[in-house]
**Student:** 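Below are the structure tokens for one structure; questions will follow.
Remember, it's a predicted structure, so these values are computed and weren't measured experimentally.
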Amino acid sequence: MTQSQIQLTLPDGSVREYAAGTTGLQVAASIGKGLAKAAVVIELDGEVRSLQLPIDASASIKIHTRESSEGLMVLRHSAAHVMADAIKRIRPNAKLWKGPPIEDPRYGFYYDIDFGDEPISQDDFAEIERLMREIIKQDVPFTLSTLERAEARALMVENGETYKVAIIDKLPEDATITFWTNEPFVDLCKGPHVPSTGSIGAGVAVLSLAGAYFEGDAGNKMLTRIYGHAFADKKAMEAHRKNLEEAQKRDHRRLGVDLDLFSTMGDLGAGLILWHPKGGFVRHKVEEFWRHQHLDGGYDFVNSPHIAKRDLWATSGHLDFYKESMYSGIDIDGSEYLLKPMNCPFHVQIFKSKRRSYRELPFRWAELGTVYRYENQGSLHGLLRVRGFTQDDAHLFLREDQVEEEITRCLHFVIDMLRAFGFEEYEMNLSTRPEKSVGDDAGWEKATNALRVALESVGLGYVIDEGGGAFYGPKIDVKIKDSLGRTWQCSTIQCDFSLPERFDMNYVDADGNKTRPVMVHRALLGSIERFFGVLVEHYGGAFPVWLAPTQAVVLSVGERHADAAEALARRCKEQRLRVDADTSGWKIGAKIRHHLWQEKIPLVAVLGDNEIDAGTVAVRSRKDGDLGTMTIEEFSEMLRKHERERC
RNA sequence: GCUGCUAUAGCUCAGUGGUAGAGCACCUCCUUGGUAAGGAGGAGGUCGUGGGUUCAAGUCCCACUAGCAGCUCCA
């Protein structure tokens, strides 16, 4: 093989020979015309690269089409350039900062721009999109160029791109400064890009606009971030829009109003939740289940007040670390009391209320404790981010030799609990020691190891979040995936080296010596408010029979069936089944539509002449459709079965 | 907290300085029905709150409160 020949290994293992300097596009074309057309980028020895660049050395090669996630990332990056190009045409004085694609495929790409005194609004989106389509239609090639630092700087100064100049000035001495051009637009950029604007296709849209701090620092000036999205084709874009609509229909804030579950408005203040009777009932069922699980799991229940003297929070360290998110004091008899942001200091006080022996450990103390934290107004969000919420908190006080087993138990406990609510997929994180932290290396090592052993025992895989631990100890976070594939963080298991020290906790060990217990914080559902919000979105408001505030409605067909319907509902209620009767004058079709589809009640039981004669009901399920007729005994047994089996 | 947007009936929304509107929901009546909307009528609003401009403000301006999309933060 001469030096001017290179060998490219395809993903299927076959090897092809090309002249050095052949472009990715030419390689794709040599494999197939269709591939050349669909290709947007290649991967050479794992590095994603533009198709239009020459390949100089032998490598393994993979050609990504617009369908692959790598291909879409590049497509979106290129679309960001086209959007910037379009924006500069209507706002020539706008200064560009950065415009990357976004890893999470729910979002596409954005560009952060300083519009100065010529702001942009949503009304401009249509024009930006029109210009983008025009640029895409013109099929302008994306070309790479490299400039000397001085030239690069001069070019950006000339274009008025002060932010880009700043980026250049920050680049290391030996950095290669590259630009990508799609005439007439030039952008300081590493690439890679699609071959030409035409490759972006018709699946683009400008979607929203928001503020974003320069360099992501809240101390800096705020720029305008414009979000867009790009897909392989128009159809995929439409599918994405449909998805967004579906998510919107499931939005717990909307369902909270529609189904009369809870409210956040009213005159009580931001981030505070009113639980209406129906939401309150679901919460009751969740908490009832939670209590039963904890009793079975060897926990004891404790309770603590909402306020405590300032000193308690000074000792615990909360005042040092979280002062700005704690509510200001209440004066009681000349002492300052603070609203509790956490339950742990109280549980520590319970531990300290008497001398503890190693024989008593482990303690597993659980509390549904309501805490208050000041959250920035702008981050409040329905039930998911609030200022007052109830944690399903528990603290374990352990001997060192119990840590590994207890943490493993905890993690299994979490999974069992989440499964009951239909969450089957998890993402687990192990967060290790951050820079600013307390405790010694050996302690961190031991605790982190105990968490790792627990994670390995459940065998669901995990990701290490280096330095992501709390200042007082390492932690495991469990994220759940809902029915739309979105992830939510609820559960956390955290080791704590700080509080036992700060509160000088100890127990008497087998040798009669005072010994520090190990403390573990854990929350399974996290915040009941937040978990309920996730649950509403997960089920789309259609709670399963065991959780539903109303499990079934008996529908009378005509006036003469009203008494029988009322009687049946009453009989069910006597058996603690949550069954109502609808004896209104509506037609049967309208009743079914209302209860099953609008109120999202799991079951309806139709009662007319036929059923009364036979002593049956005609049952229809929201989930499974027509269940046919069944005796009243069979009907109530079915409800009881759902209740028992939590489905 | 920051940037932008928003606030009209229980809900969704229309109303571009000159006497507050629709659909759904609600109430009443008619209809007494057979598996995803029967019909008629009625009631319901200090237009988020407080200031200002104007002969006149739901509409324009300012502040506050609350919400939305992000950003920052999240023990």
**Student:** Tell me which of Gly378(A) and Met326(A) sits closer to the 5' end of RNA chain B, going by the nucleotide each one is nearest to.
**Tutor:**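 Looking at RNA chain B, the more 5' nearest nucleotide goes with Gly378(A).
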**Student:** Quick one: list whatever passes side-chain contact (heavy atoms from CB on, under 4.5 Å) with Ala562(A), sequence neighbours left out.
**Tutor:**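 Per chain and number, Ala562(A) pairs via side-chain contact (heavy atoms from CB on, under 4.5 Å) with Thr583(A).
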**Student:** Contact class for Asn610(A) (heavy atom, under 4.0 Å): base, sugar-phosphate, or nothing?
**Tutor:**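 Contact class for Asn610(A): base.
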**Student:** Applying ring pair (Phe, Tyr, Trp, His ring centres under 6.0 Å), name anything that partners Tyr426(A), two or more places apart in sequence or on another chain.
**Tutor:**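 Scan of Tyr426(A) (ring pair (Phe, Tyr, Trp, His ring centres under 6.0 Å), adjacent residues dropped) gives none.
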**Student:** May I ask you to say what Arg560(A) touches in the nucleic acid, namely base, sugar-phosphate or nothing, with a heavy-atom cut-off under 4.0 Å?
**Tutor:**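 The answer is sugar-phosphate, as Arg560(A) gets under 4.0 Å only of primed atoms, P, OP1 or OP2.
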**Student:** Base, sugar-phosphate, or nothing: which does Tyr472(A) touch, judged by heavy atoms less than 4.0 Å apart?
**Tutor:**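 Answer is sugar-phosphate: Tyr472(A) comes under 4.0 Å of backbone atoms only.
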**Student:** Could you let me know what rC27(B) is paired to, Watson-Crick or G-U wobble, both distances under 3.5 Å, or none if it's on its own?
**Tutor:**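 Across all strands, the one nucleotide that pairs with rC27(B) is rG41(B).
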**Student:** Looking across every strand, which nucleic acid part, if any, lies under 4.0 Å from Ile592(A) by heavy atom: base, sugar-phosphate, or nothing?
**Tutor:**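 If one applies the 4.0 Å heavy-atom cut-off, Ile592(A) turns out to touch a base.
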**Student:** Please determine, for rC2(B), whether a Watson-Crick or G-U wobble partner exists with both distances under 3.5 Å, and give it or none.
**Tutor:**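 Per the H-bond distance test, rG70(B).
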**Student:** Which residues pass the ring pair (Phe, Tyr, Trp, His ring centres under 6.0 Å) test with Tyr374(A), not counting sequence neighbours?
**Tutor:**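 Partners of Tyr374(A) by the ring pair (Phe, Tyr, Trp, His ring centres under 6.0 Å) criterion come out as none, since no residue qualifies.
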**Student:** Need one value for Arg620(A): base, sugar-phosphate or nothing, where a base atom within 4.0 Å counts as base even if backbone is also close, heavy atoms only.
**Tutor:**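 Base contact.
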**Student:** Expected output is a numbered-order residue list: members of residues 380-387 of chain A with a heavy atom under 4.0 Å from any atom of RNA chain B. What is it?
**Tutor:**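 Per residue number, the list reads Leu380(A), His381(A), Arg385(A).
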**Student:** Does Lys340(A) make a cation-pi contact with Tyr372(A) (under 6.0 Å, within 45 degrees of the axis)?
**Tutor:**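 That pair does not qualify as a cation-pi contact.
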**Student:** What is the base-pairing partner of rA22(B), counting Watson-Crick and G-U wobble geometry with both distances under 3.5 Å?
**Tutor:**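 Result: rU12(B).
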**Student:** Cut-off 3.5 Å, no hydrogens considered: what does the side-chain donor-acceptor table look like for residues 389-397 of chain A, sequence neighbours left out?
**Tutor:**
from      : atom 1 : to        : atom 2 : distance (Å)
Thr390(A) : OG1    : Arg283(A) : NH2    : 3.1
Thr390(A) : OG1    : Thr370(A) : OG1    : 2.8
Gln391(A) : OE1    : Asn343(A) : ND2    : 3.3
Asp392(A) : OD1    : Leu524(A) : N      : 3.3
Asp392(A) : OD1    : Leu525(A) : N      : 3.0
Asp392(A) : OD1    : Gly526(A) : N      : 2.9
Asp392(A) : OD2    : Trp290(A) : NE1    : 2.9
Asp392(A) : OD2    : Leu524(A) : N      : 3.1
Asp392(A) : OD2    : Leu525(A) : N      : 3.0
Asp393(A) : OD2    : Asn343(A) : ND2    : 3.0
His395(A) : ND1    : His347(A) : ND1    : 2.8
His395(A) : NE2    : His521(A) : ND1    : 3.1

**Student:** Under 4.0 Å between any heavy atoms, over every strand shown, what does Ala270(A) touch: base, sugar-phosphate, or nothing? Just pick one.
**Tutor:**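 The residue Ala270(A) makes sugar-phosphate contact but no base contact.
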**Student:** Please determine, for rU59(B), whether a Watson-Crick or G-U wobble partner exists with both distances under 3.5 Å, and give it or none.
**Tutor:**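 Answer to the pairing question: none, since rU59(B) forms no Watson-Crick or G-U pair.
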**Student:** For rC47(B), which nucleotide in any strand shown is its Watson-Crick or wobble partner with both distances under 3.5 Å?
**Tutor:**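 Across any shown strand, rC47(B) pairs with none.
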**Student:** Students often get this wrong, so: under 4.0 angstrom with heavy atoms, is Tyr227(A) touching a base, only sugar-phosphate, or nothing?
**Tutor:**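 Sugar-phosphate contact only.
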**Student:** Which residues satisfy the side-chain contact (heavy atoms from CB on, under 4.5 Å) test with Arg385(A), sequence neighbours excluded?
**Tutor:**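 Result, side-chain contact (heavy atoms from CB on, under 4.5 Å) vs Arg385(A): Glu375(A), Ser379(A), His381(A).
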**Student:** Heavy atoms of chain A, cut-off under 4.0 Å: which first and last nucleotide of RNA chain B, 5' to 3', fall inside that, if you could look?
**Tutor:**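 Contact span on the strand: rG1(B) to rA75(B).
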**Student:** What is the pairing partner of rG34(B), taking Watson-Crick or G-U wobble pairs with both distances under 3.5 Å in any strand?
**Tutor:**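 By the stated definition (distances under 3.5 Å), nothing pairs with rG34(B).
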**Student:** Looking for any heavy atom pair under 4.0 Å, which part of the strands does Gly216(A) touch: base, sugar-phosphate only, or nothing?
**Tutor:**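 Sugar-phosphate contact only.
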**Student:** Could you tell me whether Glu246(A) and Arg250(A) make a salt bridge, using a distance below 4.0 angstrom between a side-chain N and a carboxylate O?
**Tutor:**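 Yes, this pair counts.
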**Student:** Short question: side chain of His561(A), backbone of Gly558(A) - any donor-acceptor pair under 3.5 Å?
**Tutor:**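 Yes: the side chain of His561(A) pairs with the backbone of Gly558(A).
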**Student:** Which part of the nucleic acid does Gln489(A) contact within heavy-atom distance under 4.0 Å: base, sugar-phosphate only, or nothing?
**Tutor:**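 The residue Gln489(A) makes no contact with any strand.
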**Student:** Heavy atoms only, 4.0 Å cut-off, all strands: where does Gly608(A) land among base, sugar-phosphate and nothing?
**Tutor:**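 Base: the residue Gly608(A), judged by heavy atoms under 4.0 Å, touches a nucleobase.
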**Student:** List for me each residue that meets salt bridge (Lys or Arg N to Asp or Glu O under 4.0 Å) alongside Glu501(A), sequence neighbours excluded, and say none if there are none.
**Tutor:**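 Glu501(A): salt bridge (Lys or Arg N to Asp or Glu O under 4.0 Å) contacts with Arg516(A).
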**Student:** Under 3.5 Å, which donor-acceptor pairs do the side chains of residues 548-556 of chain A form with other protein atoms, sequence neighbours left out?
**Tutor:**
from      : atom 1 : to        : atom 2 : distance (Å)
Gln551(A) : OE1    : Arg578(A) : N      : 2.8
Gln551(A) : NE2    : Val545(A) : O      : 3.1
Gln551(A) : NE2    : Glu643(A) : OE1    : 2.8
Ser556(A) : OG     : Asp582(A) : O      : 3.3
Ser556(A) : OG     : Lys591(A) : NZ     : 3.3

